[in-house]
Engineer: 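Pasting a structure here, questions to come.
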2 protein chains.
Amino acid sequence: MTRSRSKYDSGCPVAYALDIFGDRWSLLVIRDMAVKGARTYGELLAGWEGISTNILAQRLKQLEQAGIITKQKDPDSGRSFVYELTQKGRDLAPVLIEIALWSGRYNPDPDAMTGFLDKITADRTGTEARMRAGERP
Amino acid sequence: MTRSRSKYDSGCPVAYALDIFGDRWSLLVIRDMAVKGARTYGELLAGWEGISTNILAQRLKQLEQAGIITKQKDPDSGRSFVYELTQKGRDLAPVLIEIALWSGRYNPDPDAMTGFLDKITADRTGTEARMRAGERP
DNA sequence: TTAATCACTTGCAAAACGCAAGCAATTAGG
DNA sequence: CCTAATTGCTTGCGTTTTGCAAGTGATTAA
């Protein structure tokens, strides 16, 4: 069969990207992995926002299919798997960073600052480089 | 009444942003305005991907409430309105740019290049500055 | 003064989502 | 060993969101 394209794909690069992570949860999963270093199903499930388990399973499959993450057996535990960002996934760091910087500028809630925003404000280039290199946070 | 917060708001800056444009269509509407200069309901409806009219109306209301766009009567025509990005909306330019650059790197479809990607590849800083200034494309 | 046009709204079927419960494969404890 | 807990999901089902089509009201062009 031919390579299927989403019904939304218009040839626009923004639309291509939104086909992959343009929903409520995908970018939050990527954020949990890129910023918080989450690597297992359980860690992702216990994220800040509370994704439901069936949606998480579905998103992980989609992200794996899209080449954003990989899934491997945990060598140290027969019952758990390790999810990791690929280079393609880690290269979303600048997107996460720009989104966070924008929110930092416009979110009126002073409590909304997190370590991530502090980090990129202090050293954007270094943080981005470390994220792209896949360094654990 | 107190200022309501979305059920997804976790204090994370990425989640704050996704509350506003973390869905299938909002960023595409913003792109049509920021990149293509769309300013009327009809222009937005005729966008590349074919948003349906009820969803467009709903998203425009949400984006207006979030302070991303404004809606004014067209002084030259009693039956049409002019939608414009606010500074908050225009400041999403770096987000759109990083998304497009990422897609340019990873979209295997060689037809997927658009004028926008060409522009930011040739002169990212200038294009970003012009978008933030609200210059018509 | 009749017909288009513009900016929506409404109705309804289909798809996606959210919650809770269940389940199979490990592994830790006794 | 046997049992219980943990991990990583899947299944059912009611609710919400989306997509398509048709309709509406206020201009405005012919």
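Within every chain, numbering begins at 1; the chains are lettered A, B, ... in the order of the sequence lines, protein sequences first and strands thereafter.
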Engineer: Kindly point out which of dC8(C), dT10(D), dA7(C) is positioned nearest to the side chain of Tyr41(A)?
Structural biologist: dT10(D)

Engineer: Name the nucleic acid region contacted by Lys61(A), choosing base, sugar-phosphate or nothing; use a 4.0 angstrom heavy-atom cut-off, strictly under.
Structural biologist: sugar-phosphate

Engineer: Is there a donor in the side chain of Asp91(A) and an acceptor in the side chain of Gln87(A), or the other way round, less than 3.5 Å apart?
Structural biologist: yes

Engineer: Reading DNA chain D from 5' onward, which residue's closest nucleotide shows up sooner: Arg59(B) or Thr53(B)?
Structural biologist: Arg59(B)

Engineer: Specify the separation, in whole Å, of atom NZ of Lys73(B) and atom P of dC8(C).
Structural biologist: 12 Å

Engineer: Find the distance Gln62(A):CD to dA16(C):P and express it as a whole number of Å.
Structural biologist: 9 Å

Engineer: Using a cut-off of less than 4.0 Å, is there contact between a side-chain N or O of Trp25(B) and OP1 or OP2 of dG19(D)?
Structural biologist: yes

Engineer: If you measure from the Lys or Arg side-chain nitrogens to the Asp or Glu carboxylate oxygens, is any gap between Arg90(A) and Glu84(A) under 4.0 Å?
Structural biologist: no

Engineer: Scan Gln58(B) against the nucleic acid and name what it touches under 4.0 Å (heavy atoms): base, sugar-phosphate only, or nothing.
Structural biologist: sugar-phosphate

Engineer: Whole Å only: how far is the CG atom of Asp23(B) from the C1' atom of dA16(C)?
Structural biologist: 13 Å

Engineer: Choose from dT10(D), dG19(D), dC17(C) the nucleotide whose nearest atom is closest to any side-chain atom of Ala57(A).
Structural biologist: dT10(D)

Engineer: What is the distance, rounded to the nearest whole Å, between atom CG of Asn54(A) and atom P of dT15(D)?
Structural biologist: 16 Å

Engineer: Select base, sugar-phosphate, or nothing to describe what Lys71(B) touches, counting heavy atoms under 4.0 Å on all strands.
Structural biologist: sugar-phosphate

Engineer: Under 4.0 Å from any atom of DNA chain C, heavy atoms only: list the residues of residues 75-86 of chain A that qualify, in numerical order.
Structural biologist: Ser77(A), Gly78(A), Arg79(A)

Engineer: Taking atom P of dC6(C) as reference, at what distance in whole Å does atom CZ of Arg39(B) sit?
Structural biologist: 15 Å

Engineer: Tell me: CG of Leu45(B) to C1' of dC6(C), nearest whole Å?
Structural biologist: 11 Å

Engineer: Please give, in whole Å, the distance from dT15(D) P to Arg24(A) CZ?
Structural biologist: 23 Å

Engineer: Nearest-Å distance, CD (Glu43(B)) to P (dT5(C))?
Structural biologist: 16 Å

Engineer: Any chance you could lay out the side-chain contact (heavy atoms from CB on, under 4.5 Å) test for Ile120(A) and Leu96(A), step after step, and finish with the verdict?
Structural biologist: CA-CA 10 Å; Ile120(A) 58 184; Leu96(A) 290 172; over 6 Å; no

Engineer: Any ion pair linking Glu49(B) and Arg24(B) (charged N to carboxylate O, less than 4.0 Å)?
Structural biologist: no

Engineer: Do the side chains of Arg124(A) and Glu98(A) get close enough for a salt bridge, i.e. N-O under 4.0 angstrom?
Structural biologist: yes

Engineer: Does Ala38(B) have any side-chain contact (heavy atoms from CB on, under 4.5 Å) partners at least two apart in sequence or in another chain, and if so, which?
Structural biologist: Asp32(B), Glu43(B), Leu44(B)

Engineer: Between the side chain of Ser26(A) and the main-chain N/O of Phe21(A), is any donor-acceptor distance below 3.5 Å?
Structural biologist: no

